[in-house]
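Encoded as structure tokens, the structure appears first; notes follow it.
Naming convention: chains lettered A, B, ... in sequence-line order (proteins, then strands); numbering from 1 in each chain.
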2 protein chains.
Amino acid sequence: MNTSLSRPVLSEAQEDYLKQILLLGSAPEGSSLEHTTAVSTQELADRMEVKPASVTGMLKKLAELALVEYEAYKGVRLTEAGYKVALEVLRHHRLLETYLHQALGYGWEEVHAEAERLEHHISEAFEKRIAEWLGHPSHDPHGDPIPTAELHLPEGVPTRRLAALEAGERGLVARVGSQDQDALNLFAHLGLRPGAQVEVLEHMPEGVRVRAAGERYLLPVALTQIVWVAEVGG
Amino acid sequence: MNTSLSRPVLSEAQEDYLKQILLLGSAPEGSSLEHTTAVSTQELADRMEVKPASVTGMLKKLAELALVEYEAYKGVRLTEAGYKVALEVLRHHRLLETYLHQALGYGWEEVHAEAERLEHHISEAFEKRIAEWLGHPSHDPHGDPIPTAELHLPEGVPTRRLAALEAGERGLVARVGSQDQDALNLFAHLGLRPGAQVEVLEHMPEGVRVRAAGERYLLPVALTQIVWVAEVGG
DNA sequence: ACCCGGTTTTAGGTATGCCTAAACTATTAG
DNA sequence: CTAATAGTTTAGGCATACCTAAAACCGGGT
Ligand SMILES: [Mn+2]
Ligand SMILES: [Mn+2]
Ligand SMILES: [Mn+2]
Ligand SMILES: [Mn+2]
């Protein structure tokens with residue numbers, strides 16, 4: 001009983017495009033389609049590791065399917081329908097990451113690659129069962145919010161980039177917002193995972209000196225943009 | 001660390017062809033490449049729900065990859081390399097079925113469709129973790145043997161088709177060897193699942209009268225070919 | 001020996017999703 | 001206000017995996 005899904009059957013590539021358009025067009029904290037910005041061909045090409053010409057082709061196809069609004073030279077935005085699909089894929093992704101971590105003992109930094117593929121291939125029954133097993137979690141192991149079954153994206157606690165903390169300030173890692181495997185490996189290695197405490201010791205030209213898991217490190221600025229921290233007692 | 005796998009990266013379609021060549025070419029009990037028979041274009045076309053012309057095309061490609069031996073008009077057999085791939089896919093499939101059943105509470109008859117897709121998309125890490133979680137099971141929920149991590153197919157206990165039992169004989173369902181969803185639903189509904197007791201009451205022209213789960217049914221002959229039974233006390 | 005009918009292959013075509021190279025557009029720096 | 005350049009699109013290709021229609025094959029029966 002396939003419930004003849006209300007959404008068309010999309011390819012893996014199409015689903016990934018929609019998901020990335022959502023991710024790239026959203027403010028780091030933000031949710032809701034209205035607060036979304038247009039995404040350029042170039043950004044998508046970089047993120048999808050594909051040539052810009054390929055992106056143009058795909059965007060035309062998605063526009064025909066009424067999943068995006070696309071005007072040449074002006075970037076794309078999701079339509080209401082496209083937004084739904086993107087959230088659905090994102091839900092699969094983040095539930096899978098959580099399940100791999102909690103049920104199968106995957107490392108925090110290992111889950112992304114596996115989820116990136118599986119998100120396109122699990123059924124709604126599978127989604128439902130792992131969500132139940134997990135007790136309907138609100139956040140994945142990276143601290144990212146998981147869209148609900150009704151496709152609402154929960155608001156998070158207010159956070160600031162690690163880069164924005166003053167010297168001497170401390171906080172709790174709330175989110176490590178990276179898709180890059182090497183960066184994740186590094187963070188995992190340093191103990192900079194969601195829930196951990198961090199303190200900014202000093203801002204330097206080459207990066208930010210921090211203390212995490214009892215050790216001191218110099219983090220390149222780019223990496224301190226990726227880590228979001230919440231109030232210590234929050 | 002992808003360990004740069006010894007086998008080439010194959011498409012989902014290629015993997016499914018190899019698996020079906022293995023399944024169609026093996027005796028119902030049999031294992032080992034030697035005891036395998038050639039498989040015809042037609043059989044594959046039926047099984048894969050594809051036209052014979054498509055099969056011919058695929059077989060040529062697989063032959064180029066040295067995964068099958070293919071001679072026009074004479075059917076295919078797997079090469080040693082193709083046999084390995086087929087067993088690998090089969091291991092994924094049957095481990096997944098077992099996991100979906102035991103860990104996620106899928107019904108015995110629901111697992112096939114989900115496994116059919118996922119088998120191509122899980123990593124070796126995933127395979128390993130579910131195998132460990134399950135305690136390295138030897139058989140899947142349908143009673144089919146699961147290839148080991150070293151890709152050996154365990155021998156089963158000797159079984160006979162339900163159709164082969166004499167009137168009055170009883171046995172334990174050892175295996176329900178169907179890929180057909182509707183047949184599986186029916187068997188599940190009747191309580192004819194691996195481990196259940198069955199008794200053949202009478203052979204009729206229209207089918208076989210059996211008792212299972214306390215009830216009496218008339219099973220079409222075709223369906224009694226699919227069910228394998230072992231000695232009651234075996 | 002030959003014919004027939006089922007099986008299999010060939011030939012030619014579709015759609016997807018990617019590529020490169022070349023042409024074009026929009027924006028920004030002078 | 002133009003001209004360079006970064007960003008984008010078009011045009012033309014390739015590979016995969018299917019399809020249909022037509023031709024070729026093969027084995028059994030006469
Ligand atoms: Mn993906
Ligand atoms: Mn879903
Ligand atoms: Mn499959
Ligand atoms: Mn494997």
> Is it true that the side chains of A/H92 and A/E88 contain a donor and an acceptor less than 3.5 Å apart?
Replying inline: yes

> What integer distance in Å separates A/E64:CD from C/dT16:C1'?
Replying inline: 13 Å

>> Please enumerate all residues that pass side-chain contact (heavy atoms from CB on, under 4.5 Å) together with A/Q20, with sequence neighbours excluded.
In response: A/L23, A/L44, A/R47, A/M48, A/Q179

>> Quick check for you: among C/dT9, C/dT16, C/dT10, whose closest atom lies nearest to any side-chain atom of A/K61?
In response: C/dT16

> Rounded to the nearest 0.5 Å, what separation is found between the OH atom of B/Y17 and the OG atom of B/S11?
Replying inline: 9.5 Å

> How long is the line joining CD of B/E49 and P of D/dA17, in whole Å?
Replying inline: 18 Å

> How about B/D16 and B/H120: does a side-chain donor come under 3.5 Å of a side-chain acceptor?
Replying inline: yes

> Would one find a side-chain N or O of B/S54 under 4.0 angstrom from OP1 or OP2 of D/dC19?
Replying inline: yes

> In whole Å, what is the span from the NZ atom of B/K51 to the C1' atom of D/dC18?
Replying inline: 10 Å

> Looking for any heavy atom pair under 4.0 Å, which part of the strands does B/T41 touch: base, sugar-phosphate only, or nothing?
Replying inline: sugar-phosphate

> Of the candidate nucleotides C/dG17, D/dA17, D/dT20, which contains the atom at the shortest distance from the side chain of B/Q14?
Replying inline: D/dA17

> Rounding to a whole Å, what distance do you find between A/L59:CG and C/dC18:C1'?
Replying inline: 14 Å

> Heavy atoms under 4.0 Å, any strand shown: does B/V50 hit a base, just sugar-phosphate, or nothing?
Replying inline: sugar-phosphate

> Please give, in whole Å, the distance from C/dG6 C1' to B/K74 NZ?
Replying inline: 18 Å

>> I want to verify a distance call: between C/dG17, D/dT9, D/dT20, whose nearest atom is closest to the A/A53 side chain?
In response: D/dT9

>> Can you tell me which nucleotide in C/dG17, C/dC24, D/dA17 comes closest to the side chain of B/S11?
In response: D/dA17

>> Both A/M48 and B/Y70 contact DNA chain C. Which one's nearest nucleotide lies toward the 5' end?
In response: B/Y70

> Distance check: side-chain N/O of A/K60 vs OP1/OP2 of D/dT9, anything under 4.0 Å?
Replying inline: no

> When the distance from CD of B/Q42 to C1' of C/dG5 is rounded to whole Å, what number comes out?
Replying inline: 13 Å

> About how many Å separate CD of A/E69 and NZ of A/K74, when rounded to the nearest 0.5 Å?
Replying inline: 12.5 Å

>> How many whole angstroms separate atom CD of A/E71 from atom P of C/dT25?
In response: 14 Å

>> Counting only side-chain nitrogens and oxygens, does B/Y17 get under 4.0 Å of the OP1 or OP2 atom of D/dC18?
In response: yes

>> Please report the distance, rounded to the nearest Å, between CG in B/D46 and C1' in C/dT8.
In response: 13 Å

> Any side-chain N or O of A/Y73 less than 4.0 Å from the OP1 or OP2 oxygen of D/dA6?
Replying inline: no

